[in-house]
Amino acid sequence: MFAATAIALLVAMVLALVRLYAGPSLYDRVLAANSFGTKTVLLIAVMGFLTGRPDFLDIALLYALLNFIGTIAVLKFFRYRSLGDAVEEKAASRNKEASQ
Amino acid sequence: MIALLVEAASWTFLLLGAFLVLVGALGLVRMPDFYTRLHPAGITDSLGADFILTGLVLQAGFSLVTVKLFLIGAFLFFTSPTSTHAIANAALVAGLKPRHAVVPPRPPEKATQDEEAR
Amino acid sequence: MESVINMALLVFLAGTAFAILRRTTLFSVVMLSGVFSLVSAALLVHLDAVDVAFTEAAVGAGVSTVLMLSTLALTARHEAPGTRSRAIPLIVVFLTGLALVYGTLDMPRFGDPSAPVHQHVAPRYISATAHEIGMPNIVTAVLASYRGFDTLGEVTVIFTAGIAVLLLLAGTIREPTTATKITAMEHHLVLRVVTKVLIGPILLFALYVQFHGDYGPGGGFQAGVIFAAAFIIYALVFGLETAGNALPGRAVRILLALGVLIYSGTGVVSFFFNKNFLDYSVLGATAQAGQHIGIILVEFGVGMTVAAVMVSTFYAFAGQNPPIGDEEW
Amino acid sequence: MEFKDAFGLFNYWIVIVLMMTGLYIVVSRGNLVKKIVGLNIFQTSVFLLYISMGKVTGGTAPILTGKPEVFSNPLPHVLILTAIVVGIATTALGLALVVRIKNAYNSIEEDEIQKLDLAAENEVDEPGARP
């Protein structure tokens, strides 16, 4: 039964990859990468049970924790153009230009 | 007898979870526009993951593995809605308009008022 | 069933690599390399390499995407269309590939237990670890004790790379100007609350991984990267300055050197008990206890240096003043 | 070579495909950041080569569980574990160099940088020719 779940997850990962390659706007790509990460968490958990050694869930736990760092970095990159402390006037001008 | 029941329950949970993950992934591909794709991505993150994790918990019984599975469920519960929120917020601020925008799109000057208001 | 997952993940990997090859906007290249490391971590779990999958996951999810993005923020966003003809590289690559494939024809088949690679050193480690070091995780035992001197070399390589990045980028770090600096993301209330909730568990998880390396997958390398990922997310959401108050640059540089000092110091201690370098058996009451103490200390040193290198690299990259104008975007 | 053999080497062939993709990116693309990503792909393929050689069918991860079991070879895991972190440290170093090159040449395209270098060399060669 784990095999069926694993196959379903693999098919879901293929679909997420299709959205990642095709995604017209960059936010589709971020969304696809993020949902791909969640599916990897589930795949690693199911694989642990499939091979009979379920005590390797630490990796799934790690991904569950760290997966959203990439997303936040990407969004900050596009909002403020720098991952450090963007200076006020640069960010404000960019918003006006971005929201036209 | 009980073991059979638990086994059957975990199979159903696993299959339901797998089905929901598939539905979510299919929705991610078939939905026309970015904002409509947020919903199917949410399906897989929330219910699909929870069903699969409960299926695994029923398999693992009462052990350290169950604690880890609950922790994974808890952290997924925190992180995936946050990142979906952050993506949607960034897309809206950057001016990605929903395709069939029923509500009039936010006039740009209002966006800058938010800036000054902060 | 096993081979279906194996083949599927390998095909994903190759597909993502081709997608990276074809994309010109550097941003999607970075996103795809994040997915690439996700798939390779899943594949490593499948190939029973649990510690390695742990490291790949921590590095891929935590640090590499952020570092590449901060470089993109400082350089360019699009790749210029290539002017040179692509024919010659294609031929060279194709021929090399054919030669390599020809080379693999007489390699032992995948997973073949009678392959020569499994006959020499591995059986000794698998059988000897139980009584010599008394530690379930053979990988950590080999990493820290049997092969301790090489790992010291690896840690020094990481230390040197960290120093080099600091030297390269420290000069151009912009002092916090008095201009109205917004600590970024201050209006993202949801992000700030969730990050505050999650920083605790991430750091706790890093400590768990650090000291759990003997009994399960984990160890200094993974813990260091997770520890740094916690500070990176804190700096991303609450701003570089607030993160600087929590973990100042000077403290990170001290930690950088302290880790390698702890590692080599543990080795030097066994000189005084006239044993050779990095022989931990004298540290404890019995040889096994000594090995445990030695490995925990050494892993602690490794974790400290790796965490300090990742945090100082992020500080150096994020502190840069992006020289590029807005028209580049 | 029947299917069993071909399947047996499938891992190594995918490793070679990844290696060649990484090599091709480094060789044919001019953008420095793209080259670093290509190097990362090449590096990951080498890691997968080591780990797939260490796998034993029916073996589990090399963590002793008390029960006598067949274990996969732990040695490649040790090598690759440290190699990944060294890899990320050297990638950070490469990216730092790219940032400095951008500051100096205001471009990270290999061709433009070479043009600027050549131009700088010509100026140095005939200082007398300057008006």
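Everything numeric in this text was worked out from a predicted model, so none of it was measured. Quick note on labels: first sequence line is chain A, next is B, and so on, each numbered from 1.
Within the 4.5 Å cutoff, the side chain of L66(A) has heavy atoms near those of the I69(A) side chain. Side-chain contact between F34(B) and I87(B): present, with at least one pair of heavy atoms (C-beta onward) separated by less than 4.5 Å.
Note: L42(A) CG to I72(B) CD1 = 8.5 Å, rounded to the nearest 0.5 Å. How far CG of L38(B) is from CD1 of I43(B): 11.5 Å, rounded to the nearest 0.5 Å. Atoms CG and CG, on L71(B) and L65(A) in that order, are 8.5 Å from each other to the nearest 0.5 Å. Taken from CG in N89(B) to CG in L75(A), the straight-line distance is 8.5 Å, to the nearest 0.5 Å.
Of the atoms belonging to V14(A), not a single heavy atom falls under 4.5 Å from chain B. For a residue to count as touching a neighbouring chain, one of its non-hydrogen atoms must lie under 4.5 Å from one of that chain's; by this rule T5(A) touches chain B with backbone and side chain alike. Contacts of L26(B) with chain A are made by both backbone and side-chain atoms, with heavy-atom separations under 4.5 Å.
Nearest heavy atom pair, residue L20(B) against residue G48(B), reads CB-CA, 3.9 Å. Nearest heavy-atom pair across L15(A) and L22(B) is CD1-O, 4.5 Å. Nearest heavy-atom pair across V41(A) and A64(A) is CG2-N, 3.8 Å. Of all the heavy atoms in S83(B) and F68(A), the pair that sits closest is CB-CB, 4.2 Å. Of all heavy-atom pairs between S10(B) and L58(B), the closest is CB-CB, 3.5 Å. In terms of heavy atoms, R37(B) sits closest to L28(B) at CD-O, 3.2 Å.
When each of I52(B), L53(B), T84(B) is scored by its heavy-atom pairs under 4.5 Å with chain A, the top score falls to I52(B). Here D58(A) is the residue among N67(A), D58(A), L62(A), V18(A) with the most heavy-atom pairs under 4.5 Å with chain B.
When the heavy atoms of residues 43-52 of chain A are compared with those of chain B, the residues falling under 4.5 Å are A45(A), V46(A), F49(A), listed by number. The stretch residues 28-38 of chain A places D28(A), V30(A), L31(A), A32(A), N34(A), S35(A), T38(A) near chain B, each with some heavy atom under 4.5 Å from a heavy atom of that chain.
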